Amino acid sequence: MTQAQLIDGKAIALQLRKKIGEETDALIKQHGIKPGLAVVLVGEDPASSVYVRNKGIATKKAGMESFTHQLPSDTSQQDLLRLVEQLNQDARVHGILVQLPLPKQIDADKVLCAIDPDKDVDGFHPINAGRLMTGQPGPVPCTPKGCIVLAKSVRADLTGLEAVVVGRSNIVGKPVAQLLLNENCTVTIAHSRTKDLASVVRRADLVVAAVGLPQFIRGDWIKPGACIIDVGINRLELEDGKTRLVGDVAFDEARLVAGSITPVPGGVGPMTIAMLLSNTLDAAKRPIT
Ligand code: GUN
């Protein structure tokens, strides 16, 4: 039985990061601008702590300035808003990222709205969501942007494809659907309440799975030859007490039917950081472009 082509997100991300590092060097040498990224973490969620640490390491590796702010889990909204305002005013900081989720005493929407839209390297500010929707330039959310790069690595032109996005979050589902529309796909946004989800997914030439449920999308839901981009990162408890990371797609089943598929880990995950660095570089370049 033939198996789907593996889309190597790790390799593609490394290549992009190398190029971003070279462009960062040039920006420093030619214009004296060193891109700076501030990442704010509130609390000690273990997964978020790992993501934030990896973002800091990648930022420095690219030759950029990294500012990490770790605040206690009982931080008030007012204190967090004060820090965001301080980062908005700091000329060394070109990009600001507040790691989500935030503790329950903090209104995440209020915090995201407080970030200067031009420093919003997550692309989550309503102004940037509006820019994406209306086709104006601005920072685009990192994971969705990474999904498009991976899909185009196997098929340069996505025009006319039936794309089904499973998941409707502001972070992935909605923006990736908009980006696929910009690539001239016919886009369906499905979700956990969609009727007969299997038959909707079966129509798709391109599936973006972002529901957050382990191995939810089965092999027999997949159209033969389809391209599968799996955004899910779920920790599965095994019988021997160990854990394993799995995506939202039942990978072993899907790879026997799909034309191409991203693995978990090593697919979409590494692309998110590469896109974050790309957005930070773009923000730092803005005064000279
Ligand atoms: N938490 C999970 N993914 C993300 C992301 O892309 N950005 C931020 N800020 N928080 C997240």
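Atoms within a ligand are numbered from 1 in the order they appear, just like the ligands themselves. Predicted, not measured: the structure shown is a model, and the values here were computed from it.
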Below 3.5 Å, N or O to N or O, backbone or side chain included: is there any such pair between [X] and ligand 1?
| X | value |
| --- | --- |
| T272 | no |
| V98 | yes |
| T143 | no |
| L100 | yes |

Handout entry: Side chain, backbone, both or neither: the part of Y51 lying under 4.0 Å from ligand 1 by heavy atom
Key =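 Under 4.0 Å from ligand 1, Y51 contributes no heavy atoms.
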Problem - Donor-acceptor under 3.5 Å (Q105 side chain, Q77 main chain) - result: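 Absent.
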Under a 4.5 Å cut-off applied to non-hydrogen side-chain atoms, are [X] and [Y] in contact?
| X | Y | answer |
| --- | --- | --- |
| R92 | F67 | yes |
| V166 | V164 | yes |
| H94 | I33 | yes |
| P175 | L132 | yes |

Handout entry: Is_contact(atom 6 (O) of ligand 1), protein non-hydrogen, under 4.0 Å
Key =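 Protein heavy atom within 4.0 Å of atom 6 (O) of ligand 1: present.
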Exercise for the section: Give the numbers and elements of all ligand 1 atoms closer than 4.0 Å to a heavy atom of L97. Expected result: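 Those of ligand 1 that fall under 4.0 Å from L97 are 9 (N).
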Exercise for the section: Give the residue and atom name of whichever protein heavy atom lies nearest to atom 8 (C) of ligand 1, and the separation in Å to one decimal. Expected result: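 Protein heavy atom with the smallest distance to atom 8 (C) of ligand 1: D122 OD2, 3.4 Å.
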Exercise for the section: Could you find the nearest protein heavy atom to atom 4 (C) of ligand 1 and give me its residue, atom name and distance? Expected result: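 The closest heavy atom on the protein side is Q99 NE2, 4.3 Å.
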Practice task
Nearest 0.5 Å please: distance from the CZ atom of R53 over to the CD atom of Q70.
Solution key: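 Taking CZ in R53 and CD in Q70, the distance rounds to 9.0 Å.
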Handout entry: Under 3.5 Å side-chain donor-acceptor pair for T134 and Q136
Key =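 Q136 and T134 do have a side-chain donor-acceptor pair below 3.5 Å.
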